[in-house]
There are 2 protein chains.
Amino acid sequence: MGRRSDHTPDELRELLIACGHELMAERGFAKFSAREAARRAGYSVGTIYNVFGGLDAYLIAVNSRTFREWSAWLEAALAATPDAAGSDARIAALVRAYFAFADANRNAWMAIYDHRIDRGNTVIARQDELAREALTGIVDREVVRWSGGGNGESTRRLVRSLIATVHGHCALWLSGSYALLREEDPAGQALARVFESLAAHRAQAGSR
Amino acid sequence: MGRRSDHTPDELRELLIACGHELMAERGFAKFSAREAARRAGYSVGTIYNVFGGLDAYLIAVNSRTFREWSAWLEAALAATPDAAGSDARIAALVRAYFAFADANRNAWMAIYDHRIDRGNTVIARQDELAREALTGIVDREVVRWSGGGNGESTRRLVRSLIATVHGHCALWLSGSYALLREEDPAGQALARVFESLAAHRAQAGSR
DNA sequence: TTATAAATTCGACATCGTTCAATTTATTCC
DNA sequence: GGAATAAATTGAACGATGTCGAATTTATAA
């Protein structure tokens with residue numbers, strides 16, 4: 001067949017991403033199949049290559065959707081946290097929501113890190129970059145809010161490091177890795193580490 | 001052919017693991033091929049299934065070899081750290097060696113976490129379990145040494161959490177994830193977080 | 001209506017994991 | 001030593017994958 005009037009180019013793109021995301025959530029990265037994703041959309045494999053240019057770009061688009069849902073999940077959790085609960089509560093809500101999303105979307109969440117992008121050969125579309133940066137942005141904002149203003153390069157670095165800390169707990173937990181095998185509250189542990197580091201940096205900043 | 005006198009069963013096992021490990025280091029998990037690994041050993045695919053029972057068990061054996069090399073690497077780094085350097089230096093050496101091994105064996109290191117084991121359907125051989133526990137054991141020992149004795153369930157939990165912290169930094173760094181994209185010293189950041197948490201727990205224990 | 005351009009398909013290809021009947025080798029027994 | 005037995009090894013078969021492009025079909029323009 002040729003150009004069909006079923007969907008506009010944008011609609012087709014959306015449709016393929018939606019079906020791919022659904023399939024990813026069902027099967028996980030290892031058992032994901034572009035053929036099957038296209039089949040579900042009512043198209044054949046080649047269409048994915050036409051629309052996205054290659055499998056990598058398609059997977060990036062699928063994972064970017066997960067990133068966006070994740071950000072929305074975090075914002076919703078923060079919005080549901082009353083200001084009166086104090087500033088610690090916002091950090092706690094953020095970390096717990098981070099874990100809750102990963103837990104509720106295990107396959108899709110892990111796929112984000114299962115798909116290795118060779119940044120040398122692959123260009124990431126700007127909109128996909130933005131979806132990833134948004135998450136970092138949320139944490140940035142909340143840490144600045146917690147520490148009461150002081151933003152700068154050192155807090156920027158700290159924020160990335162705290163994200164890595166939480167990520168490590170979440171990843172080892174969901175992958176069933178030995179280290180966290182019998183830990184019943186990985187989110188709580190991650191949160192404890194985050195507060196210890198935040199406290200250390202507040203004290204440090206105050207004593208200068 | 002039938003039973004060949006080229007290798008004893010143990011030798012064959014070793015050979016297959018060695019070739020698999022080499023191939024994993026070269027290609028990484030995504031491009032690993034059991035066929036190719038067997039080919040390099042001078043056997044055909046079926047032999048892997050005979051010896052290990054299935055691909056999962058083979059991959060576990062291959063990754064266990066990486067675990068053992070990793071443990072040896074850490075022990076070597078610790079052995080090279082003079083006692084006179086102080087107890088902080090041992091922790092620093094441990095974390096830096098953790099990163100150095102991962103960096104020097106990227107594909108093999110990542111494969112450890114790329115291979116998802118369904119613990120419901122897969123039984124892990126005792127020797128492979130031990131290879132994984134050994135690493136945790138090293139960190140356990142060093143943290144107890146640092147804190148000057150006090151061992152118990154709470155330190156056990158802390159140790160696992162610190163491992164998760166370091167793992168998170170290392171994983172995001174090597175996978176080229178956005179969060180740590182421009183961080184020039186991820187190991188230093190991980191180390192800083194570890195010391196912050198260790199300090200917090202020493203203070204806590206001392207004030208009781 | 002016809003010609004042009006764009007989208008879509010589908011088959012071809014090499015490869016993968018998995019299984020198992022057939023084959024080859026080593027050992028045992030006479 | 002030679003035949004019978006047991007064990008290890010192979011390789012073909014199967015369904016599935018990603019990747020590519022020529023052929024086909026559709027929509028639009030002339």
Side-chain angles (χ1 to χ4, degrees), chain A residues 1-17 19-20 22-24 26-63 107 111 114-118 121-123, chain B residues 1-20 23-24 26-63 107 111 114-118 121-123:
Chain A
M1 308 176 191
R3 176 170 31 194
R4 306 195 310 202
S5 47
D6 298 16
H7 308 99
T8 68
D10 282 353
E11 280 175 349
L12 178 53
R13 218 188 147 80
E14 263 309 298
L15 176 66
L16 288 172
I17 292 176
C19 291
E22 184 188 85
L23 183 63
M24 188 66 87
E26 280 181 28
R27 293 193 180 173
F29 184 80
K31 295 180 182 170
F32 182 86
S33 154
R35 269 193 164 88
E36 173 65 17
R39 200 173 300 143
R40 291 190 180 195
Y43 285 79
S44 73
V45 216
T47 300
I48 287 182
Y49 283 80
N50 291 340
V51 174
F52 297 92
L55 186 60
D56 267 348
Y58 180 49
L59 289 173
I60 289 173
V62 167
N63 283 340
N107 283 336
D114 288 338
H115 181 222
R116 300 278 153 67
I117 306 167
D118 179 9
N121 296 340
T122 313
V123 263
Chain B
M1 307 176 191
R3 174 171 32 194
R4 306 194 307 201
S5 45
D6 299 14
H7 308 99
T8 69
D10 282 354
E11 282 174 349
L12 178 54
R13 222 189 140 80
E14 264 310 297
L15 176 66
L16 288 171
I17 292 176
C19 292
L23 183 62
M24 188 66 87
E26 280 181 31
R27 294 194 181 174
F29 185 80
K31 295 181 183 169
F32 182 85
S33 154
R35 269 193 167 92
E36 173 65 15
R39 200 174 300 143
R40 292 188 180 199
Y43 286 79
S44 74
V45 215
T47 300
I48 287 182
Y49 284 80
N50 291 340
V51 175
F52 297 93
L55 186 60
D56 268 348
Y58 180 48
L59 290 173
I60 290 173
V62 167
N63 283 340
N107 282 335
D114 288 337
H115 181 223
R116 298 279 152 67
I117 306 167
D118 179 9
N121 295 341
T122 312
V123 263

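Order of the sequence lines sets the chain letters (A, B, ...), proteins ahead of strands, with each chain counted from 1.
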Closest heavy-atom pair and its distance - N63(B), H115(B): ND2-CB, 3.7 Å
N or O in side chain of R4(B) less than 4.0 angstrom from dA7(D) OP1/OP2: no
Nucleotide dA14(C), atom C1' - distance to CZ of R35(A) in whole Å: 12 Å
Residue-level proximity of residues 41-49 of chain B to DNA chain C when a heavy atom falls under 4.0 Å: V45(B), Y49(B)
Worked verdict on F29(A) versus L59(A) for side chain to side chain contact (heavy atoms under 4.5 Å, CB included): CA-CA 9 Å; F29(A) 184 80; L59(A) 289 173; 4.0 Å; yes
Between dT17(D) (C1') and R39(A) (CZ): distance, integer Å: 11 Å
With F52(B) via ring pair (Phe, Tyr, Trp, His ring centres under 6.0 Å) - residues at least two apart: Y58(B)
Rounded distance in Å - CG (L55(B)) to C1' (dT19(C)): 14 Å
Sugar-phosphate only, base, or nothing, as touched by L12(A) at under 4.0 Å among non-hydrogen atoms: sugar-phosphate
Nearest-Å distance for atom pair NE2/P, residues H7(A) and dT26(D): 16 Å
From CA spacing to verdict: side chain to side chain contact (heavy atoms under 4.5 Å, CB included), Y43(A), D6(A): CA-CA 11 Å; Y43(A) 285 79; D6(A) 298 16; 4.1 Å; yes
N50(B) side-chain proximity, nearest of dC16(C), dT9(D), dT19(D): dT9(D)
Distance, rounded to the nearest Å, where E11(B) contributes CD and dT9(D) contributes P: 12 Å
Interatomic distance, F52(B) CZ vs dG17(C) P [rounded to whole Å]: 14 Å
Length of the OH-C1' vector between Y58(A) and dG18(D), whole Å: 14 Å
Non-hydrogen atoms of E11(A) and H7(A) that approach each other most closely: OE1-CA, 3.2 Å
Rounded distance (Å) that lies between atom P of dA7(C) and atom CG of L16(A): 14 Å
Stepwise side chain to side chain contact (heavy atoms under 4.5 Å, CB included) check, L12(B) with R4(B): CA-CA 10 Å; L12(B) 178 54; R4(B) 306 194 307 201; over 6 Å; no
Whichever of G53(A) and E36(A) has its nearest DNA chain D nucleotide further upstream toward 5': E36(A)
Evaluation steps, side chain to side chain contact (heavy atoms under 4.5 Å, CB included), between T122(A) and I60(A): CA-CA 10 Å; T122(A) 313; I60(A) 289 173; 4.1 Å; yes
